[in-house]
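For ligands, and for the atoms within them, numbers begin at 1 and follow the listed sequence. Positions are given from 1 along the sequence.
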Amino acid sequence: MAYTPLSLLVLLSLSTLLLLLSPQTQAQSPSAPAPAPSGPINITAILEKPGGFSDFIHLLNVTQAGNQIDNQVNNSNDGMTVFAPTDNAFDNLPAGTLNKLTMEQQVLLVQYHVLPKFYSLTDLLTVSNPVQTQANGPNGKNFGLNFTGQGNQLNVSTGVVETQIYNAVRSNRPLAVYQVDKVLLPLEFYESLAPSSSPPPPPENAPASGPSGTKTTAAKPSSTNDSGRMNVGVDLVAGLLLFCIGYLS
Ligand SMILES: *[C@@H]1O[C@H](CO)[C@@H](O)[C@H](O)[C@H]1NC(C)=O
Ligand SMILES: *[C@@H]1O[C@H](CO)[C@@H](O)[C@H](O)[C@H]1NC(C)=O
Ligand SMILES: *[C@@H]1O[C@H](CO)[C@@H](O)[C@H](O)[C@H]1NC(C)=O
Ligand SMILES: *[C@@H]1O[C@H](CO)[C@@H](O)[C@H](O)[C@H]1NC(C)=O
Ligand SMILES: *[C@@H]1O[C@H](CO)[C@@H](O)[C@H](O)[C@H]1NC(C)=O
Ligand SMILES: *[C@@H]1O[C@H](CO)[C@@H](O)[C@H](O)[C@H]1NC(C)=O
């Protein structure tokens, strides 16, 4: 009884307006651009864009670690963080270092550059050390990375190598990619040999780096298994790297 002709008119026009609007909004939503799912992550494409990461891209490709990163980013909610050494970083390694590594050893080295979680630069400034990487040595021991910050300066340290992180190739969830100017060589490569000898005799290490790389692979049939791969040959890598560094100094 309180309805006056005016309020009825208002109600009517309101419902007409709603009726008119609703199909329009329904028609708009499908054509509106989707918020974010801009296709699957492709670490190779991300690193190709700025340039200067050819060696790391090659390593990601030959070890299949690139595919693993793409898949894991897609299939986990934690995201990932990748430290991408520049071509200069690889150039500064002792000559032939990479070529002397077996596939399993290269996988381990690449995995050490990957964290199974997204970290912003700010996160890394305050993260608690050591931070787990994707690299697991024998006995499941994780090869951790340490981060130290001072003001805006952020360093990553392996115990063998320390370098500053100042450039984000990509900083959006779910994948962060940071440039590093040194290849991150894990301390564990050195620790596993440290107690046995200080100057590793070249004759023992040299054959391992040559054609017998295949011999090492053959001796470990489990290396066809992806999770087993990463646990193979750490001592050999340690020997090689120690040898290389001894050779340099
Ligand atoms: C990722 O990008 C690279 C280079 O752009 C391309 O060669 C490769 O096919 C891409 N991988 C996938 C799975 O789309
Ligand atoms: C990756 O390796 C394959 C051969 O294994 C090669 O055909 C391809 O060009 C490589 N891609 C990149 C981006 O290096
Ligand atoms: C991403 O993961 C979903 C399941 O989580 C799967 O259906 C889809 O095929 C995956 N896409 C790629 C490119 O791996
Ligand atoms: C980072 O490392 C450099 C050497 O590479 C060193 O001079 C600097 O003090 C370090 N900074 C921090 C915050 O640890
Ligand atoms: C990394 O940090 C942890 C915790 O502070 C420390 O115990 C460890 O010695 C550090 N490792 C290296 C290689 O600096
Ligand atoms: C791969 O190896 C791990 C142990 O290294 C084992 O637990 C797992 O079952 C193996 N997977 C396959 C498919 O052989």
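Q72 and Q134 share a donor-acceptor pair across their side chains, judged by distance under 3.5 Å alone. Side-chain atoms of Q179 and Y166 form a donor-acceptor pair, as typed in the model, at a separation below 3.5 Å.
The aromatic rings of F56 and H113 sit tilted relative to each other, their planes meeting at an angle between 30° and 60°.
Proximity of atom 10 (C) of ligand 2 to the protein is indicated by at least one non-hydrogen atom lying closer than 4.0 angstrom. Checking atom 14 (O) of ligand 2 against the protein gives a heavy-atom contact under 4.0 Å. Within a 4.0 Å radius of atom 7 (O) of ligand 2, the protein has no heavy atom.
The protein heavy atom nearest to atom 3 (C) of ligand 3 is N74 ND2, 3.7 Å. Among all protein heavy atoms, the one lying closest to atom 5 (O) of ligand 3 is N75 OD1, 3.3 Å. Among protein heavy atoms, the minimum distance from atom 4 (C) of ligand 2 is reached at N61 ND2, 4.7 Å.
How far OG1 of T148 is from CG of L125: 9.0 Å, rounded to the nearest 0.5 Å.
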side-chain contact (heavy atoms from CB on, under 4.5 Å) between F143 and L108, intermediate numbers included: CA-CA 10 Å; F143 293 7; L108 190 62; 3.9 Å; yes

Evaluation steps, ring-ring contact (aromatic ring centres under 6.0 Å, His included), between F83 and F147: CA-CA 12 Å; F83 299 100; F147 296 86; 5.6 Å; yes

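Between N155, D181, L154, it is N155 that holds the heavy atom closest to atom 12 (C) of ligand 4.
Not one N or O on the side chain of T81 forms a donor-acceptor pair closer than 3.5 Å with the backbone of A176.
Residue contact check: T148 has heavy atoms under 4.0 Å from atoms 14 (O) of ligand 4. Taking a cut-off of under 4.0 Å to the non-hydrogen atoms of P40, the atoms of ligand 3 that pass are 13 (C).
Looking at Q153 next to ligand 4, an N or O pair under 3.5 Å apart turns up.
The environment of CG in N75 is crowded: more than 12 heavy-atom neighbours from other residues, nucleotides or ligands sit within 6.0 Å.
Residue contact annotation: E162 has a non-hydrogen atom under 4.0 Å from ligand 4.
When heavy-atom distances to ligand 3 are checked against a 4.0 Å cut-off, D70 has no atom that comes that close, whether in backbone or side chain.
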